[in-house]
Amino acid sequence: MADDHAAKAISSYGGGLNDTPNIDRIAHEGVRFDHCYVTNSICTPSRAAILTGTYNHVNSVKTLDTHMDNDLPHVAKHLQTGGYQTAIVGKWHLGEGQLHEPKGFNFWSVLPGQGEYFDPFMIEMGTEREEFGYVTDIITSKCINWLNSRDESKPFFLMCHHKAPHREWEPHPKNRNLFGEDIKVPETFDDNYKNRAKAAAEAKMRIKDDMKYADLGLAQPEGGSEVGERVRPEMSHRKIPNPDDVSKLRLIDKDSGEVFTFKSKEELGQFKYQRYIKRYLRTIASIDESVGVLLDYLDDNELTENTLVIYTSDQGFFLGEHGWFDKRFMYEESLQMPFLARFPKKIAGAQISKNLACNVDFAPTFLDAAQLKIPTYMQGHSLMPIMNGKVPKNWQSVVYHRYWMHRDPDHNAYSHYGIRDQRYKLIYWYNEGYDLPGTNHGGEDREWELFDCKEDPLELFNVYSDPKYQDIVQNMKDMLTRKMAEIGDEPEH
Ligand code: CA
């Protein structure tokens, strides 16, 4: 698993942005899911859903600040009880200390919080120590070392969780010059956010306005915070200005010292996009290399046939679509998770599945693949039958998403919930639920959105009030009510 890896940045998904030959091997020799979705498009909650097989209102990990109780049952504990040797290496982000550190793993070595790209501290079996090198390489070699040291008479379960390509997108020095040519700009980069809920225009996730110096590998000038920017002690990074008059703006590459000047605001916006997307894709080059190392290990040790290998991310990510970076929203780019799986002994290769899947389905899938019982508390469903070409009767016809962190100070994304089926997406912006001290938001301007993802794949037109769609609106609302009742979440009135 990688952190924040959009499907579009894996070449087998056809995004045309980069080449990921090793990750693609999993798709070519296995199955690619085109409709796999996250139930809460943010790190910590998605990781809890993946481990426990439950939605966040059930496992109580609704936000980045509500860490997982490590006494909760989860998939690694069940696999361990079932005779598997278990390990997790890399990003955990479910909390630290006795109440939250990994449990259910024979070996664990995790980054505290988000982790650092270079010389990261890692907490290994309860002891913190500094590792030297580039984080993606370190995680990979720790995985290989653990595989080499395991008891070969027992089966194994390994979660290799990369920190990349999470902000601030620091590539390995050897990859700093990859992507010489400019990358294509998404057609919605200059979105004006018309015809949609207020949330889109209000989000502070714009590449042009909300990138920080560190995000783009630029030297940060000394001094205080920007005018109007909220200050928190842990957030010392400043946003790069986006002034109307750019003639005095000089930006400096923090590694090479190269100086950049601009003739227009337009040119500055393009510069920010290219810096962002290239740094993001360069970090993925190292992940692809890591996947190759692990696949080669399986080949060299005759483990390929009987091992289920999955490549995924904790959610999707905006790569300039609607002018954004980041995730959080139920719009397609952040809702979609890449999901590739290979298991030569059980799954035919070169498959593409259009069936709906979500992260709550992962834990049941792991247990099913291991031929262990799926506990009744898990709310997801095994994807193994689908990967075997046998779609169960009454397979899920909608997936559910809910984001609770209303107007967090960094991104100002509004809280919402909704469902997506194969064609339509219904979103209810209920706009309350996450208040920091000193703020008083809640319940203002509630709105609905309906998107026809077939007619409007870029999601530019909310057709909720369009007379032609009123039957669809009613049907989707009924399905939303049923889905919330099925999973036990409470609607906001
Ligand atoms: Ca993430």
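Order of listing sets the numbers, starting from 1, for every ligand and every atom in it. Keep in mind that what you see is a predicted model, and the values were worked out from it rather than measured. Computation of the quantities below employed the complete heavy-atom set of this structure, encompassing side-chain atoms and omitting hydrogens, waters and symmetry-equivalent molecules.
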*Mind reading off the angle at the Ca ion (ligand 1) between the OD1 atom of Asp3 and the OD1 atom of Asp4, rounded to 10°?*
90°

*Validate the cation-pi geometry between Arg32 and Tyr13: distance from NZ or CZ to the six-membered ring centre under 6.0 Å, angle to the ring axis within 45°.*
yes

*Please check if the distance between the ring centroids of Tyr193 and Trp324 is under 6.0 Å.*
yes

_Centroid-centroid under 6.0 Å between Phe317 and Tyr280 rings_ = yes

*State, to the nearest 10 degrees, the angle whose vertex is the Ca ion (ligand 1) and whose arms point to OD1 of Asp314 and OE1 of Gln315.*
80°

_the Ca ion (ligand 1) to nearest N/O/S of His93 less than 3.0 Å_ = no

*asked:* Under 6.0 Å from the ring centre and within 45 degrees of the ring axis: does the NZ or CZ of Lys327 meet both conditions for the six-membered ring of Phe318?
replied: no

